[in-house]
Novice: 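Handing you this structure, nothing more for now.
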Amino acid sequence: MRSNDLEDLIIDKLDNYFNGAVKDYVIKESTDTPFLQLVIEMTLYNYYVVRVAVEKNTIFFSIVQSGFQLPLFKAPLSENELETSPVELDREIRLRIPDKYLQAKGWQMV
């Protein structure tokens, strides 16, 4: 898969899952040479900057804070993982955001 196609696919999957809780996508790096490499940063729940990095056949998710990357999880790059990764990302991020904040902004799950 080409990096441009993968960019669009990842952004579409995240947009569809998070419905407005994700914004400000920034493509930091995108290349197919010498191998597939992609870095996308975005704001999630208006609380964290999350980095999605793809290197070769692995996708990495991490929080970027004060210039540091705090790893969340990684998964092999596959169609199935692209479907389930937003769910796992949501679960990991919600563990780190206060419930009162999510409730006040209308993002708390009932």
Side-chain angles (χ1 to χ4, degrees):
M1 180 177 290
R2 292 184 35 232
S3 63
N4 291 342
D5 298 333
L6 187 58
E7 288 171 20
D8 294 338
L9 184 62
I10 289 172
I11 290 171
D12 285 344
K13 298 279 185 201
L14 292 170
D15 270 343
N16 290 338
Y17 182 83
F18 287 104
N19 292 332
V22 63
K23 62 180 183 175
D24 300 331
Y25 291 100
V26 177
I27 310 291
K28 302 287 264 185
E29 187 176 338
S30 180
T31 185
D32 294 317
T33 309
F35 54 84
L36 177 63
Q37 200 167 358
L38 174 65
V39 176
I40 301 172
E41 290 185 0
M42 66 211 151
T43 304
L44 189 54
Y45 292 118
N46 206 24
Y47 200 87
Y48 283 124
V49 174
V50 174
R51 175 176 285 178
V52 179
V54 176
E55 284 189 27
K56 297 184 182 176
N57 289 322
T58 306
I59 188 166
F60 301 89
F61 292 85
S62 58
I63 294 171
V64 178
Q65 192 168 15
S66 301
F68 295 99
Q69 283 189 68
L70 309 168
L72 294 172
F73 68 97
K74 67 180 181 177
L77 184 61
S78 68
E79 184 66 35
N80 186 43
E81 286 298 328
L82 288 176
E83 292 293 329
T84 59
S85 290
V87 176
E88 179 71 12
L89 177 60
D90 193 28
R91 190 179 68 75
E92 288 292 331
I93 288 293
R94 285 177 181 271
L95 288 172
R96 293 160 173 81
I97 299 176
D99 290 338
K100 286 184 177 183
Y101 175 84
L102 292 171
Q103 216 167 20
K105 298 295 183 176
W107 289 313
Q108 184 64 36
M109 295 169 85
V110 180

Novice: Counting C-beta onward and ignoring hydrogens, is there a side-chain heavy-atom pair between P76 and N57 closer than 4.5 Å?
Specialist: no

Novice: Could you tell me whether the side chain of I93 reaches within less than 4.5 Å of the side chain of F18, counting heavy atoms only?
Specialist: no

Novice: Minimum heavy-atom separation for S85 to F73, with atom names?
Specialist: O-CZ, 3.7 Å

Novice: Distance check, rounded to the nearest 0.5 Å: T43 atom OG1 versus D24 atom CG?
Specialist: 4.5 Å

Novice: Do R96 and L70 make a side-chain contact, defined as non-hydrogen atoms from C-beta onward lying under 4.5 Å apart?
Specialist: no

Novice: Do L38 and L9 sit in one hydrophobic cluster, given that two such residues count as connected whenever their side-chain heavy atoms are within less than 4.5 Å of each other, even indirectly?
Specialist: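 Yes, because L38 and L9 connect within a single hydrophobic cluster, where side-chain heavy atoms sit under 4.5 Å apart.
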
Novice: With a 4.5 Å cut-off on side-chain heavy-atom distances among I, L, V, M, F, W and Y, is there a chain of contacts connecting L6 to F60?
Specialist: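 No; tracing contacts between hydrophobic side chains, which count when under 4.5 Å, never links both residues.
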
Novice: Measure across W107 and A21 and return the closest heavy-atom pair with its distance rounded to 0.1 Å.
Specialist: NE1-CB, 3.7 Å

Novice: Considering all heavy atoms of both residues, which atom of P71 and which atom of S62 are nearest to each other, and what is their separation?
Specialist: CA-CB, 3.8 Å

Novice: Quick one: pull up CD in E41 and CD in E29 and give me the separation to the nearest 0.5 Å.
Specialist: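 Rounded to the nearest 0.5 Å, the CD-CD separation comes to 11.0 Å.
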
Novice: Can you get from V50 to L77 by hopping between Ile, Leu, Val, Met, Phe, Trp and Tyr side chains that sit under 4.5 Å apart?
Specialist: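 Linked, V50 and L77 end up in one cluster.
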
Novice: Roughly how far apart are T31 OG1 and N4 CG, rounded to 0.5 Å?
Specialist: 10.0 Å

Novice: Is the backbone of P86 close enough, under 3.5 Å, to the side chain of D90 for a donor and an acceptor to pair up by distance?
Specialist: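 Such a contact is absent between D90 side chain and P86 backbone.
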
Novice: Atom CD of Q103 and atom NZ of K105: how far apart are they, to the nearest 0.5 Å?
Specialist: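 Reported to 0.5 Å precision, the distance equals 13.0 Å.
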
Novice: For a quick test of reading the model, state the closest non-hydrogen atom pair linking V22 to Y25 and the distance between them.
Specialist: CG1-OH, 3.2 Å

Novice: According to a hydrophobic-cluster definition based on side-chain heavy atoms being under 4.5 Å apart (Ile, Leu, Val, Met, Phe, Trp, Tyr only), do I10 and V39 belong together?
Specialist: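 Unlinked, I10 and V39 end up in two clusters.
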
Novice: Please check if V87 and L95 belong to a single hydrophobic cluster, counting links between Ile, Leu, Val, Met, Phe, Trp and Tyr side chain heavy atoms closer than 4.5 Å.
Specialist: no

Novice: side-chain contact (heavy atoms from CB on, under 4.5 Å) for L82 and I59? Distances and angles first, verdict last.
Specialist: CA-CA 9 Å; L82 288 176; I59 188 166; 4.0 Å; yes

Novice: Is there a side-chain contact between F68 and I63, using heavy atoms and a 4.5 Å cut-off?
Specialist: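 Not touching, per the 4.5 Å side-chain cut-off.
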
Novice: How about NZ on K13, more than 12 heavy atoms from neighbouring residues, nucleotides or ligands closer than 6.0 Å, or not?
Specialist: yes

Novice: Run through I11, V26, L14 and flag the one making a side chain to side chain contact (heavy atoms under 4.5 Å, CB included) with M42.
Specialist: L14

Novice: What's the separation between atom CD in E88 and atom CZ in F61, rounded to the nearest 0.5 Å?
Specialist: 9.0 Å

Novice: Please determine whether the number of non-hydrogen atoms from other residues, nucleotides or ligands lying under 6.0 Å from atom CZ of F35 exceeds 12.
Specialist: yes

Novice: Answer with yes or no whether the side chains of R94 and Y45 bring together a donor and an acceptor at under 3.5 Å.
Specialist: yes

